[in-house]
Amino acid sequence: MKRTGDKLLVANRGEIAIRIFRACREMGISTVAVYSDADRDSLHVGYADEARRIGPAPARESYLSVERILDAAKRSGAGMVHPGYGFLAENAVFARACRDAGLTFVGPPPEAVEAMGSKTESRRRMIEAGVPVVPGMSRAAAPDDVVAFGREAGYPILLKASAGGGGKGMRVVAAEGEVASAFERAASEAQAFFGDPAVYAEKLVDGARHVEVQIVFDGEGRGVAVGERECSIQRRHQKVVEECPSPAVDPSLRAALGAAALAAARAVGYVSCGTVEFLLDRDGKFYFLEMNTRLQVEHAITEEVWGVDLVREMISIARGEPLSFSAAELSPRGHAIECRIYAEDPDRQFAPSPGRIEFLSLPQGPGVRHDIGVEMGSVVPIDYDPMLGKLIATGRSRAEAIARLGRALSEYEVVGIKTSLPFFRELVGDPDFLAGSFDTGWLDRRLARGASPAPVDPDDDVVALAAAVLARSEEKRFAAPRRGRISAWRDAARRGALR
Amino acid sequence: MKRVFRLVRTGGEEATITVDLRGDAARAEIAGRAVSLELLPKADGTFVALFENGRVLRARVSPGRKETRVRTRGRETALGLFDPRDESSVSAAPTGTAEVLAAMPGRVLEVRVGPGDRVEAGDLLLILEAMKMQNEIRAEAPGVVAAIACAPGQAVDAGALLIRFEADRL
């Protein structure tokens, strides 16, 4: 089939596939979904104009298979490929294979992906470009080298996968005695996630915030920093809540962060949307952490505050068009907060909770945006990251955004699987959260304290309501005996619908 | 139709509740106090309750063997509300679990304890790989390990028994 630049294949699934399809539909670009056997009935497949099966459920044989994705692009005649985030998004081999196959890769050049993909190599390049970095080792190491570094730099230190990102293969080491076991775990995770067991160590910057800068570069070398995002609320190094702007960043710090981020991106010849992550210490000093050479999960909060469509921008830049805005044209408006809604059980240490979504009701009203990849009846498969989607609340001020977030969370209902929603409902009332006072270790410390309040008895009205519902369902059961096994929810919904 | 329920409060004290249901109207008596409400079922399985004093609650009520769960405005509360005729209902809230069950299907990577080991709350028991994550399964309460019911490398289903504690030591 003839290749066309008016057809884009998304090499991904879930909410991010739909987010990109939405931009395409607005731009008049036709869309191609890919799916594994676990996803044939998934929301993103039904949204696209075309869909191609790429293999069985395991990601290695489907969403991570360069060959199968290129084959799907060829069969569908798509001229562009967007990798989304995760899977092949930061894989230089894939970016290069797309280019070699005559496809437009909607993302940075493979050379930039490669340079930033190695944490040790990127540190070296940043030092050359004058971007501040955290004290650490400049190459992958053996446990003995880590011990030597720990003695020199002092504990705690952080073990990181050289090829890593997103907290995978990362371990805090508090003392020398822990090096051996932490090294083994980090290397094994690094091998499992990135196919590369190389691990290195950095000094742990205590009490630091994670602040990242959104940058966009076009093919002519014009770059703009589109503000920062505050991503310090993390559980075991995984972002949970993000906000824009950061409560810890004032206009002069914003300008300094933006300049450093642009220098970092320029140093690797970056084109497209990307994110430069920094650690911000208590004294307002910042250090380059890593660069994500892709669209971020949390890009939506930047879009809400800065009024730009980052996905649309990525696609038009990939087509050779210049940036559609300049730094001078941009001004932030208000505040946006994102919660990542996961199929995880907060009462069981956030254990994954796959299964079927029996009922789903999404909040509405002012300042509410959903980027979501599931619907009622969706089955959350065990094979992939269990994020259902993102809830984004926007307001004129941080306080208004939080109030809207709390209100939206009270409307949000998911039945059938456990989600992280109860955790967020508690979080929005936390005094530290309300004050904007937290660092990257804050959430883990809070969870370790077991901050959940003791259960309280509900008032008599609630008891009366519950008892009346029980009495009523008993009455109905006697009136109309059930046939076969139907889930209680569906049974209740059906009874309600029949009235 | 009149029905009687037993309520076990979080402190352990019990109360009797009678419910008189006539169509949509319900009158409940809880330890002598009367509450009147209209109960309107919705298509999504929830109920809107209109109370005599004007209060409104929209709730999803899910009965269970151990407790009845009530969800209002996204918040879920567990109620010790039982039908006294139901022999299988449990009278008191469980104080802790004597068993560690797999919360999801996965593969056991490592087992860090053995029979007879004394563990504290938060101690690492085993590592279960599921959904591409290595999940550290930790003790919820202090206890003594009675038996290990799984082995490294073993694939387990959701709900599979992994570790049993000596129940009386919990």
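Throughout, protein chains are lettered first and strands after them, A, B, ... in sequence-line order, and every chain is numbered starting at 1. Computed from a predicted structure; not experimentally measured.
At a 4.5 Å heavy-atom cutoff, the contact between Pro352(A) and chain B is made by backbone and side-chain atoms alike. For chain A, no part of Leu40(B) is nearby; none of its heavy atoms comes within less than 4.5 Å. Of the two parts of Arg27(B), neither the backbone nor the side chain holds a non-hydrogen atom closer than 4.5 Å to a non-hydrogen atom of chain A. Leu465(A) touches chain B through backbone and side chain together, each having a heavy atom under 4.5 Å away. Contacts of Arg33(B) with chain A are made by side-chain atoms alone, with heavy-atom separations under 4.5 Å and no backbone atom involved. Using a 4.5 Å cut-off between heavy atoms, Glu110(B) contacts chain A through its side chain alone, with no backbone atom that close. Only the side chain of Thr46(B) comes within contact range of chain A, judged by heavy atoms closer than 4.5 Å.
With rounding to the nearest 0.5 angstrom, the CG atom of Asp461(A) is 6.0 Å from the CG atom of Asn53(B). Leu421(A) CG to Arg75(B) CZ: the interatomic distance, rounded to the nearest 0.5 Å, is 11.5 Å. One distance of note links CZ of Arg60(B) with CD of Glu413(A); it measures 4.0 Å at 0.5 Å rounding.
A salt bridge between Arg472(A) and Asp24(B) is absent, with no side-chain N of the basic residue lying under 4.0 Å from a carboxylate O of the acidic one. One finds a salt bridge joining Glu136(B) and Arg185(A) here, because a Lys/Arg side-chain nitrogen approaches an Asp/Glu carboxylate oxygen to under 4.0 Å.
Residues Ile17(B) and Val463(A) are in side-chain contact: their nearest non-hydrogen atoms beyond the backbone lie under 4.5 Å apart.
In this structure a side-chain-to-backbone donor-acceptor pair under 3.5 Å is missing from Arg73(B) to Glu411(A).
Every residue meeting the side-chain contact (heavy atoms from CB on, under 4.5 Å) condition with Leu64(A), not counting sequence neighbours, appears here in chain and number order: Ala59(A), Phe87(A), Leu88(A). Taking the salt bridge (charged side-chain N to carboxylate O under 4.0 Å, His left out) definition, one finds that Arg9(B) meets it with nothing, sequence neighbours left out.
The one candidate from Leu79(B), Thr77(B), Thr10(B), Leu7(B) that meets the side-chain contact (heavy atoms from CB on, under 4.5 Å) condition with Asp457(A) is Thr10(B).
Chain A forms the most heavy-atom pairs under 4.5 Å with one residue out of Val35(B), Thr18(B), Leu21(B), and that residue is Leu21(B).
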